[in-house]
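A quick write-up on the structure given underneath.
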There are 2 protein chains.
Amino acid sequence: MFVYVHDEQLDLIFKTLGDATRRRILDLLQERSERSLFEICASFAAADGKSLSRQTISQHLDMLERAGLIITSWKGRTKTHSLNVAPMQVATNQWLKKYL
Amino acid sequence: MFVYVHDEQLDLIFKTLGDATRRRILDLLQERSERSLFEICASFAAADGKSLSRQTISQHLDMLERAGLIITSWKGRTKTHSLNVAPMQVATNQWLKKYL
DNA sequence: TTGACATGCAGGTATTTTACTGCATGTTTG
DNA sequence: CAAACATGCAGTAAAATACCTGCATGTCAA
């Protein structure tokens, strides 16, 4: 199976990866998926001094979801966020690969 | 040899790749390197309707150079631009690889 | 059913990005 | 030297981004 993505989707994938906070969220979700917004905020606060507001992290999660890099589902009043590596693989196979 | 790059450099590399115009410039330079700004503009104009101004392309080239994705050298009054794939390889080896 | 919890939505601000125009600088060639 | 050429620099405007605060909505549990 090979999914073709348009330039705009490639734009979105690379732009989304171009922010250290969002890459860090992906790294967190690779360790363990199915995390809530609050858990992600807590991980950030626990790790070091630089903690961002809940709403800011939420915006980053929205962008990650728009890029397809995370998948969400509701469990009661909690929305869980899980990693989805497909866009990275598609971006690599479709464009980046030829330079590696 | 393994060059460690900081988060800020990873940011810059991915952000730079997150624009279709810049990816297209890289694709052009992979076909043939050592191209001048004017040659790149001409390629854009020849390919299709959507042609950007010389200064706009120049700004994209500046960003590509800051990210290390192109290397430049002067030949008389002409500045030539060549592809440098190292940053893509570094970004892949240092961060992206674990998701592929 | 009410209080605590988890998230969403609206808006505001400062910075960055992307495009442009116009002018300046330096280099080659006739 | 002067004209043509290749690029650089300055400034502008619109849009997007990244952060914030405050309030609203929906859900679980006592």
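Just the heavy atoms: all of them, side chains too, but no hydrogens, waters or symmetry mates, feed the values below. As the structure is a computational prediction, the values presented were derived from the model and not from experiment.
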Using the rule given for side-chain hydrogen bond (donor to acceptor under 3.5 Å, both in side chains), can you reason through A:S36 versus A:T80, listing the C-alpha separation, both sets of side-chain angles and the distance that settles it, and then say yes or no?
CA-CA 5 Å; A:S36 72; A:T80 63; over 6 Å; no

A:R54 to A:F38 six-membered ring, cation-pi geometry met (6.0 Å, 45°)
no

Indicate yes or no: does A:K15 engage A:E8 in a salt bridge with an N to O separation below 4.0 Å.
no

Does this structure show an ion pair linking A:D7 with B:R24, if we count only N-O contacts that are shorter than 4.0 Å?
no

Outermost contacting nts on DNA chain C, any atom under 4.0 Å from chain A heavy atoms, listed 5' then 3', are C:dA4 to C:dC9

Under a 4.0 Å N-O cut-off, is there an ion pair linking A:E34 with A:K79?
no

Let me have a per-nucleotide readout for nucleotides 10-21 of chain D, 5' to 3', with B, S or -, counting only protein heavy atoms under 4.0 Å.
--------SBBB

What is the distance from CZ of B:R77 to P of D:dC5, rounded to the nearest Å?
8 Å

The answer to which of B:L37 and A:K75 contacts DNA chain D further toward the 5' end, by nearest nucleotide, is B:L37

With a 4.0 Å cut-off, would you call B:K98 and A:D27 a salt bridge?
yes

Side chain to side chain contact (heavy atoms under 4.5 Å, CB included) between A:L26 and A:L17, intermediate numbers included:
CA-CA 9 Å; A:L26 293 173; A:L17 296 180; 3.7 Å; yes

B:K97 vs A:M88, test: side chain to side chain contact (heavy atoms under 4.5 Å, CB included). Steps then yes/no.
CA-CA 10 Å; B:K97 191 177 58 181; A:M88 308 199 214; over 6 Å; no

